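Single-structure report; data block below.
Order of the sequence lines sets the chain letters (A, B, ...), proteins ahead of strands, with each chain counted from 1. Both backbone and side-chain heavy atoms feed into the values below; hydrogens, waters and symmetry mates do not. All values derive from a computational prediction rather than experimental measurement.
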Amino acid sequence: MSYRKALTAAAAAGVLLAASGAAADVKFGALYPFSGDLALLGEESYRGLEIAVEEINANGGVQGEQIVLERGDAVDNNQAIGEARRLISREQVAGIFGSYASSRSIAASQVAELSGIPYFELGAVADEVTGRGLEWLWRTNPTAEHMGQLIVEMTVEAIAPRLNRDPGDLRIAIIHEDSSYGTSVAGHQERYGKEAGLNIVTVQAYPANTVDMSSLVLDLQSRDIDVVYQTSYQNDSVLFLQQADEAGFKPAAIVGGGGGYSLQPTADAVGHELIDGVLNADFTQYLVNTEATPGLEDFVSAYEERYGTFPRSGHSLNNYVGAKAILQALDEADGFDPDVIAETMAAIDIPAGQTAAGYGMLFDDTHQNERAAMMGLQWQDGKLVTVYPEEAAYAPMRLGNE
Amino acid sequence: MDTFLQVLTNGLMLGGLFAIVSIGLTLIFGIVKVINFAHGEYLMVGMYLTFLLATGLHVHPYLTVAAVAPLLFVLGALTQRFLIQPLMSARDEHVQIFATVGLSTALMNLALLVFGADIASTPSSGLRTSLHLGPVRILLGQAVIFVVSIALVAALHWYLQRTQTGRAIRAVAQNRDAAQLMGINVNWIYILTFGIGAACVGLAASLVAPLYPTQPTSGTYFVLIAFVVVVLGGLGSIGGAFLGAMVIGLIDSLSGFYIGSDLREVAVFGVFLLILILRPSGLFGRKNLAHVSP
């Protein structure tokens, strides 16, 4: 389908939706990549928002009004801008939820900023989303910084003790794909690592679509590396794990940074045996101690009932948690004026351990949720289970002699 | 010393990989004179076909070449007949380039639609076994690629030199109009050559797929390197492409180890620019690009 046809169809659907909705409904935009190569996880993220909205509508809505979601397809950055404009000026939404991909979020939120319409980011991780001093953007989810921070913390608190080593003695290598995702996570790893007194021996970047990592592996091997942090997509995760194995390079621990390391096809591609024991940091996933994530089971059953399948990734959960917290807070407010919404956001104060993703919610001066956190995960028997922090662990971390 | 030998070996193996992917491109460029930007996507399509056939029929990925190479031949021939040929008489030959760019984008998005963005992994069927040759270790699958790329260069050389059709192909490459006057059906030769070039990629795909994950963007990295290799080797020179691939593979591997993986591409493209400045027609190219030299 051409873009134009897709747009026409979307517009037609929008008109139908608008016609069928009662006038008293309150309309919010849902801006995600619904087509193109980010569509899979864009759609997955949207499902979390949709479940939050349906749950709240079933309980009487917000301020007695039913929420209507107006979808916008952010297939690329230009279209993200175009769709944000449409949502704001034609659909007159009270706010926009989005957007999974950081680049889309950065582009579209500029439009919302200029119009003074609240933009709620529930899933994009790049630093720049909240780092630009925007007045009308809030982010509920953990970021690249939380990822780097958690990986360092996990190294000090859990990995080193299990290897019976002093954290400062571990020789650590940071390798990352060279786009903004890998570079920013690696930057945070390096910064937090140095603060924590870790010995970071080398930091190496490479292009994500590379076809050979053997010289990188040899380099790490010759430096006697104990722990490798890799921030990568699927192709390079698979290549590194395979080529390290073939070269006989067996570091005491490999820690992924989301991306390819969080996806089941990666594990299936390299083999469950080879990936066994590999650590990772990412959004809250489903194999977690549910005492630390109240409401997670309800979310999963709502998801399964609605879509007939188990959630495909943690993205839906994190979008659900962010959207639900915001909409519940708005229920207490009076009206949907941007100023009212801004006051409401500033007043949100949810302690850790009270949402389905485990983290709490409190926005700092940059409108980033400072209580957002990632979790430490490990591939165990072909499954990605939560192993850190301990109170959220689904199973104990397997490392060294344990 | 052992590490150096290993880095060197890795470089040669990487060179073999680049060579087998580039041979089809240099053939098409040398004879049809079309810069085929969809070359990487041919490889990607071939890798998906290998994946589908190997997992669907439970056969060794190498056996799928019997189907993948002919299918790619057809794809290449169709591209020439229905995309390039109508544009051959266009006022500006750059139109053909844009047509192949369009084909490339279309194929990539088609793969996204059909297979999604996740990787597909063809079973490695024992090809990831390490062979130990003295101090160095190579993967069985890499060794096969290396040997087959040499064999493919030799086979194409023989075909172009010794067969009647091969002579006709060279004649068309040298002078299209004169060849036509000699009674050679030029359009048919172009279709055939495009088909053979694509079939070479099909062969490459069946060898590459068991070693590397397949995704819709798999072709993008390869095609960039393939263009460097082809230009370095002297556009249209098949033997030159092979040697160009070795040079790039070695630089890639050595710089990755001794300089740093983030500067690999700087080294590769730096050397590439340097060679082009010193020898504008490539390492083995002739000044007159009308030739295809085996």
Side-chain angles (χ1 to χ4, degrees), chain A residues 1 33 35-43 75 173 175-178 182-183 186 202-223 233-243 245-248 260 263-271 274 312-313, chain B residues 2-4 6-11 13-15 17-18 21 40 108-109 111-113 116-124 128-130 137-142 208 211-225 249 252-265:
Chain A
M1 198 184 327
S35 54
D37 53 353
L38 301 177
L40 178 69
L41 292 179
E43 174 75 30
V75 63
I175 61 174
H176 63 93
E177 61 85 31
D178 61 8
T183 312
T202 181
V203 180
Q204 303 228 22
Y206 59 82
N209 58 358
T210 184
V211 292
D212 181 66
M213 297 183 75
S214 59
S215 44
L216 179 57
V217 168
L218 276 176
D219 183 42
L220 300 185
Q221 217 167 2
S222 69
R223 290 175 197 261
Y233 293 109
Q234 271 186 304
N235 168 59
D236 43 335
S237 308
V238 173
L239 263 186
F240 176 73
L241 290 173
Q242 282 180 338
Q243 297 197 323
D245 177 59
E246 281 146 13
L263 298 170
Q264 191 67 37
T266 311
D268 298 342
V270 295
L274 184 53
R312 294 168 293 186
S313 79
Chain B
D2 282 0
T3 312
F4 176 71
Q6 184 64 52
V7 175
L8 221 55
T9 314
N10 288 350
M13 291 304 126
L14 199 56
L17 174 69
F18 294 158
V21 174
M108 213 185 302
N109 284 289
L112 261 176
L113 203 65
D118 268 330
I119 49 173
S121 40
T122 309
S124 61
R128 301 204 77 94
T129 320
S130 288
R137 129 197 79 61
I138 49 180
L139 290 188
L140 180 59
Q142 287 182 321
V208 171
L211 297 184
Y212 296 95
T214 305
Q215 54 190 357
T217 52
S218 284
T220 53
Y221 186 83
F222 282 105
V223 78
L224 186 63
I225 291 289
D252 192 315
S253 181
L254 289 168
S255 61
F257 184 79
Y258 290 104
I259 304 177
S261 62
D262 37 356
L263 293 175
R264 264 163 63 161
E265 293 194 323

Heavy-atom distance under 4.5 Å to chain B: side chain of A:V238, backbone, both or neither?
-> side chain
Heavy-atom distances under 4.5 Å only: say whether B:L17 touches chain A with side chain, backbone, both or neither.
-> side chain
Heavy-atom pairs under 4.5 Å with chain A are the metric here; pick the option from B:R128, B:M108, B:Q6 that has the most.
-> B:R128
For A:Y233, all residues meeting ring-ring contact (aromatic ring centres under 6.0 Å, His included), sequence neighbours excluded = A:Y181
Looking at A:Q221, A:Q264, A:Q242, which one has more heavy-atom pairs under 4.5 Å with chain B than the rest?
-> A:Q242
Contacting region of A:A247 [heavy-atom separation from chain B under 4.5 Å] = both
Residues 203-210 of chain A, side-chain donor-acceptor partners within the protein, below 3.5 Å, at least two apart:
from: A:Q204; atom 1: OE1; to: B:S261; atom 2: N; distance (Å): 2.9
from: A:Q204; atom 1: OE1; to: B:S261; atom 2: OG; distance (Å): 3.0
from: A:Q204; atom 1: NE2; to: A:T202; atom 2: OG1; distance (Å): 3.4
from: A:Q204; atom 1: NE2; to: A:D219; atom 2: OD2; distance (Å): 2.4
from: A:Y206; atom 1: OH; to: A:Q230; atom 2: NE2; distance (Å): 2.8
from: A:Y206; atom 1: OH; to: A:D236; atom 2: OD2; distance (Å): 2.8
from: A:T210; atom 1: OG1; to: A:D212; atom 2: N; distance (Å): 3.3
from: A:T210; atom 1: OG1; to: A:D212; atom 2: O; distance (Å): 3.2
from: A:T210; atom 1: OG1; to: B:R264; atom 2: NH2; distance (Å): 3.4

Side chain, backbone, both or neither: which part of A:S214 has a non-hydrogen atom closer than 4.5 Å to chain B?
-> both
To the nearest 0.5 Å, atom CG of B:D262 lies from atom CD1 of A:I175 at 12.0 Å
Nearest heavy-atom contact between A:P265 and B:I119 is O-CD1, 4.1 Å
Identify which part of B:F222 has an atom lying under 4.5 Å from any heavy atom of chain A, answering side chain, backbone, both or neither.
-> side chain
Where do A:E246 and B:R137 come nearest, in terms of heavy atoms and distance?
-> O-CD, 3.4 Å
Of the listed residues (B:L139, B:T220, B:T214), which shares the most heavy-atom pairs with chain A below a 4.5 Å separation?
-> B:L139
Correct closest heavy-atom pair for B:G256 and A:S215 would be CA-OG, 3.7 Å
Interface residue of largest heavy-atom contact number with chain B, from A:L216, A:L41, A:V211, under 4.5 Å = A:V211
Give, as side chain, backbone, both or neither, the part of A:L218 having an atom under 4.5 angstrom from any heavy atom of chain B.
-> both
